[in-house]
Colleague: 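Take a look at the following structure, please.
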Amino acid sequence: MSDRTFDSPVFVRVAEGLVQEIACLEDAFDLLDEWPRHRRGVIYETTKRACRRAFDGYIPSTVARDAFAGFARSAKIIEDVSTTVPWMVGAKPGHAGGSPA
């Protein structure tokens, strides 16, 4: 695992019905760079700075991940994926997929 990859991803809602997995610093930078300027503030700036410092190797990526999760929570875009979503469930044993006959 890269030192830029998060131990556990952060899931954020980027549009109605669309959830994005933020699994590494690059993913976090992509979302932060696209974040609307009028919605940026102190928490955004702190998060971006934490991600930059982690990218440069000054702090662990876990610190940046926690900062990003805090930003997502404050922006009300964090998604709780503690419940299993259909595309994350593997095929049942004995089934090859497809529809029943």
Side-chain angles (χ1 to χ4, degrees):
M1 178 177 0
S2 166
D3 59 343
R4 295 180 179 168
T5 302
F6 297 153
D7 291 339
S8 61
V10 177
F11 292 91
V12 295
R13 184 180 55 260
V14 293
E16 186 62 36
L18 184 60
V19 175
Q20 181 177 349
E21 177 184 52
I22 307 298
C24 62
L25 289 170
E26 288 82 0
D27 294 344
F29 281 126
D30 287 345
L31 187 133
L32 291 169
D33 289 344
E34 294 173 8
W35 194 249
R37 291 194 187 279
H38 70 278
R39 292 190 64 195
R40 297 178 183 185
V42 175
I43 296 172
Y44 168 90
E45 293 299 332
T46 301
T47 300
K48 187 125 184 200
R49 188 171 33 256
C51 289
R52 173 59 54 200
R53 290 183 50 80
F55 188 85
D56 292 341
Y58 293 113
I59 63 174
S61 63
T62 55
V63 174
R65 186 239 180 251
D66 291 346
F68 185 85
F71 161 76
R73 198 171 296 106
S74 73
K76 296 182 178 17
I77 61 170
I78 198 156
E79 283 291 317
D80 177 18
V81 293
S82 60
T83 59
T84 306
V85 287
W87 61 85
M88 292 180 145
V89 178
K92 293 181 181 176
H95 291 92
S99 50

Colleague: Looking at Arg13 and Lys76, would you say the former's side chain and the latter's main chain have a donor-acceptor pair under 3.5 Å?
Modeller: yes
Colleague: Do Arg52 and Phe29 form a cation-pi contact, if we require the NZ or CZ to be under 6.0 Å from the six-membered ring centre and within 45 degrees of the ring's axis?
Modeller: yes
Colleague: Is there a donor-acceptor contact under 3.5 Å from the side chain of Arg40 to the main chain of Trp35?
Modeller: yes
Colleague: Leu25 and Val14: same hydrophobic cluster, using ILVMFWY side-chain contacts below 4.5 Å?
Modeller: yes
Colleague: Hey, could you give me the CD/SG distance between Glu26 and Cys51, rounded to the nearest 0.5 Å?
Modeller: 10.0 Å
Colleague: Consider only side-chain heavy atoms of I, L, V, M, F, W and Y, link residues closer than 4.5 Å, and tell whether Ile59 and Phe55 are in one cluster.
Modeller: no
Colleague: Search all heavy atoms of Ala50 against all heavy atoms of Ala64 and return the closest pair with its distance.
Modeller: O-CB, 3.8 Å
Colleague: Under 3.5 Å, side chain of Arg65 to main-chain N/O of Ser8, donor-acceptor pair present?
Modeller: yes
Colleague: Could you tell me if the side chain of Thr46 sits less than 4.5 Å from the side chain of Arg49, heavy atoms only?
Modeller: yes
Colleague: On a heavy-atom basis, which atom in Ala72 and which in Val12 lie closest, and how many Å separate them?
Modeller: CB-CG1, 3.7 Å
Colleague: To the nearest 0.5 Å, how far apart are CZ in Phe71 and CD1 in Ile22?
Modeller: 10.0 Å
Colleague: More than 12 foreign heavy atoms under 6.0 Å from CG of Leu32: is that the case here?
Modeller: yes
Colleague: Return the SG to CZ distance between Cys24 and Phe68, rounded to the nearest 0.5 Å.
Modeller: 10.5 Å
Colleague: If every non-hydrogen atom of Ala23 is compared with every non-hydrogen atom of Pro9, which pair is closest and at what distance?
Modeller: CA-CB, 4.1 Å
Colleague: State plainly whether one hydrophobic cluster holds both Leu18 and Val10, where clusters connect Ile, Leu, Val, Met, Phe, Trp and Tyr through side-chain heavy atoms under 4.5 angstrom apart.
Modeller: yes
